[in-house]
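Heads up: the structure comes next, in structure tokens.
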Amino acid sequence: MKNLSDILYKVHITSVHGSTDVQVKDVQIDSRKISAGSLFVAIRGEKSDGHNFIHTAVEKGAAAIVCEEIPAEKNEHVVYIQVSDTHEAVAYIAHNFYDAPSERLTLVGVTGTNGKTTIATLLFKLFSKLGYKCGLISTVQNQIGDEIIPSTHTTPDAVSLNALLAQMANEGCEYAFMECSSHAIHQHRITGLRFKGAIFSNITHDHLDYHKTFDEYIRVKKKFFDDLKSDAFALSNIDEKRGPVMLQNTSAKKLYYGLKAPADFKGKILENSLTGLHMMVNDHEVHFRLIGEFNAYNLLAVYGAAIALNQKHDEVLQVLSNTTGADGRFEYIISQKNIIGIIDYAHTPDALENVLGTIKKLRSGNEQVITVVGCGGDRDKTKRPVMAQIASQMSDRAIFTSDNPRSEDPQQILKDMEAGLDSAGRRKSISIADRYEAIKTAVSFAMSNDIILVAGKGHEKYQIIKDEHLHFDDKEVLKEMFELMEK
């Protein structure tokens, strides 16, 4: 139980109806979870408005309501707190309710269009192997030490996030590494958290269905760095055009990593093959198990962050050299007939281009590259023709298919993709809405030494069709097809 007045610290209050000297047992943003003594915060979401459920929360025993509009009919036994922005308010309230968990451990956030999951996961694995108990909050999974907790969002809502950080702190975690999505920054899910470090990977065409303009997308990402305190570090990709822009107004210590321009953490690729990356890192020669230029950047970001957190150069590089990345990030399997299957989460134009560019550099002769890719329903439609264009131009064969069509007609999504093709692209591409059949077809096209890229879902083990989450695992299907082929 916490006193309401104590957990309202830093909240911008417009008006109060009732006494804040009251005990609350939990904080909820879902009226279905309310019970006697709860504090209900009415959040305006994209699909529903919590203000419509204030009456329900009161009926179920809520002790207090935080809202942007005070209801006309009030219960005299309930405290009503009016604020200008409930998204911001609930972040501060949750942080206070859970005893400021981000101040009880070293919290590092990672933002950018691509690379967030790999960087956060590598940091978690690195610091765990260095002997620290760590927490991880990522798209693939959340983790406290060895305990894996399923992940539903890249960044959880503010209440769930602070509860998770509190669990990490209470269980002895010294470090926590988390992805910070643009949605989470914009919706104040990370507001109030005390970050000791922030990392920027890159920024490319994504989430314009939500942010509307690219400039707004950039502004939201930059706010993460603008809000850092002076005792934190801000680490950015110097080779990314907007890398220095991200750190323009930060009070944190500015650091840069890169492969091309001069940087605090400088890398050079000596060899890039299916056995991994052979690199120079700040004058140290190292072999890593990860593959591709994009992973060279990810590794430099992790190395830079570790050094900024006062770890020893030699130990960091030694551990990183034997560390694997996140599930579904350039993960590959090889069939008995020597066909290489690569599963990757690439679901943006830039990510797809990076993965196909990496594959091109790994080719040794006349291997075919066959790409299976789709675009999500109810998401940014402008990237669909771009994704198709990249897939067709950088592959020998492209198969367009479903990737979480949600409420949209899969055939219409495929038509949107096909609109980006020129005549050459049309000749070497086909559309198969059924993802299982698309992967099956890709395998049937493949000969020995060919490379099949199945892009878009990576670690995800489901397809979202209408409102249903149906089991679907790209790696599982690819393995099945390889086994059938070998019989």
Side-chain angles (χ1 to χ4, degrees), residues 91 102 106-123 137-139 154-155 176-208 210-267 293-309 348-351 353-354 380:
S102 66
T106 297
L107 179 63
V108 177
V110 187
T111 197
T113 307
N114 303 309
K116 296 188 296 295
T117 301
T118 297
I119 293 170
T121 302
L122 284 173
L123 279 166
I137 302 172
S138 80
T139 305
T154 299
T155 313
F177 305 101
M178 67 176 287
E179 295 184 49
C180 298
S181 67
S182 59
H183 290 68
I185 299 166
H186 186 254
Q187 293 171 5
H188 290 288
R189 290 183 227 163
I190 62 171
T191 293
L193 299 184
R194 186 67 176 261
F195 287 91
K196 295 292 177 61
I199 302 167
F200 171 70
S201 59
N202 51 62
I203 193 161
T204 60
H205 196 286
D206 198 20
H207 299 309
L208 298 193
Y210 179 84
H211 295 293
K212 306 307 178 190
T213 68
F214 193 51
D215 285 344
E216 173 63 8
Y217 181 40
I218 294 168
R219 187 196 67 76
V220 169
K221 292 282 190 188
K222 184 176 177 295
K223 185 180 185 301
F224 179 41
F225 297 91
D226 292 348
D227 292 344
L228 292 173
K229 304 297 183 185
S230 59
D231 63 348
F233 72 84
L235 177 62
S236 184
N237 182 349
I238 191 71
D239 295 338
E240 158 69 46
K241 184 169 76 171
R242 295 172 183 84
V245 173
M246 286 292 153
L247 307 193
Q248 273 180 349
N249 305 111
T250 188
S251 299
K253 181 181 180 181
K254 299 178 183 180
L255 297 166
Y256 293 96
Y257 66 93
L259 292 170
K260 299 167 187 172
D264 301 281
F265 308 105
K266 182 70 186 292
E293 184 180 88
F294 60 93
N295 272 324
Y297 280 105
N298 293 336
L299 287 160
L300 286 172
V302 173
Y303 169 72
I307 302 307
L309 291 168
T348 66
D350 182 68
E353 189 169 3
N354 282 339
D380 183 2

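In this structure, CG on L122 lies 11.0 Å from CZ on F177, to the nearest 0.5 angstrom. In this structure, the separation between CG on N237 and CD1 on I199 is 11.5 Å, given to the nearest 0.5 Å. The structure places CD1 of I137 at 7.0 Å from CG of L107, a figure rounded to the nearest 0.5 Å. Separating the CG atom in L255 from the CD1 atom in I238 is a distance of 11.0 Å, to the nearest 0.5 Å. Here NZ of K253 is found 14.0 Å from CG of L228. Values are rounded to the nearest 0.5 Å.
With sequence neighbours excluded, no residue forms a ring-ring contact (aromatic ring centres under 6.0 Å, His included) with F225. Under the rule for a ring-ring contact (aromatic ring centres under 6.0 Å, His included), F233 has no partner lying at least two apart in sequence or in another chain. For F195, the ring-ring contact (aromatic ring centres under 6.0 Å, His included) partners at least two apart in sequence or on another chain are F224.
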Could you check H183 against R189 for side-chain contact (heavy atoms from CB on, under 4.5 Å), going step by step and ending with a plain yes or no?
-> CA-CA 8 Å; H183 290 68; R189 290 183 227 163; 3.5 Å; yes
Would you check, one step at a time, whether the test side-chain contact (heavy atoms from CB on, under 4.5 Å) holds for K222 with Q248?
-> CA-CA 9 Å; K222 184 176 177 295; Q248 273 180 349; 4.1 Å; yes
Walk me through it: do L309 and V108 pass the test side-chain contact (heavy atoms from CB on, under 4.5 Å)?
-> CA-CA 10 Å; L309 291 168; V108 177; 4.0 Å; yes
Go through I218 and M246 one step at a time and tell me if the side-chain contact (heavy atoms from CB on, under 4.5 Å) criterion holds.
-> CA-CA 8 Å; I218 294 168; M246 286 292 153; 3.8 Å; yes
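Not a single donor-acceptor pair under 3.5 Å links the side chain of S182 to the backbone N or O of K221. Formation of a donor-acceptor pair under 3.5 Å by the T111 side chain with backbone atoms of C180 is found in this model. The backbone N or O of T139 sits less than 3.5 Å from a side-chain atom of E179, completing a donor-acceptor pair.
The minimum heavy-atom distance linking E240 with I203 is given by the pair OE1-N, 3.5 Å. In terms of heavy-atom proximity, G197 sits nearest to A232 at N-CB, 4.3 Å. Nearest approach of L247 to K254, heavy atoms of both residues: O-CE, 2.9 Å. What you find for S236 and G243 is that their closest heavy atoms are OG-O, 2.8 Å. Taking both residues in full, the closest heavy atoms of K116 and V110 are given as CD-O, 3.6 Å, listed atom of the first, atom of the second, then distance. Across all their heavy atoms, A305 and L123 have their closest contact at CB-CD2, 4.0 Å.
With 3.5 Å as the limit, one finds a donor-acceptor pair spanning the side chains of T348 and N114.
Residues in residues 300-309 take part in these side chain to side chain donor-acceptor pair (under 3.5 Å) pairs, two or more places apart or across chains: Y303-H313. Screening residues 194-203 for side chain to side chain donor-acceptor pair (under 3.5 Å), with sequence neighbours left out, gives R194-D231.
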With a 3.5 Å cut-off and sequence neighbours excluded, list the donor-acceptor pairs that the side chains of residues 256-264 form with protein atoms.
from	atom 1	to	atom 2	distance (Å)
Y257	OH	F200	O	2.9
D264	OD2	Y256	N	2.8

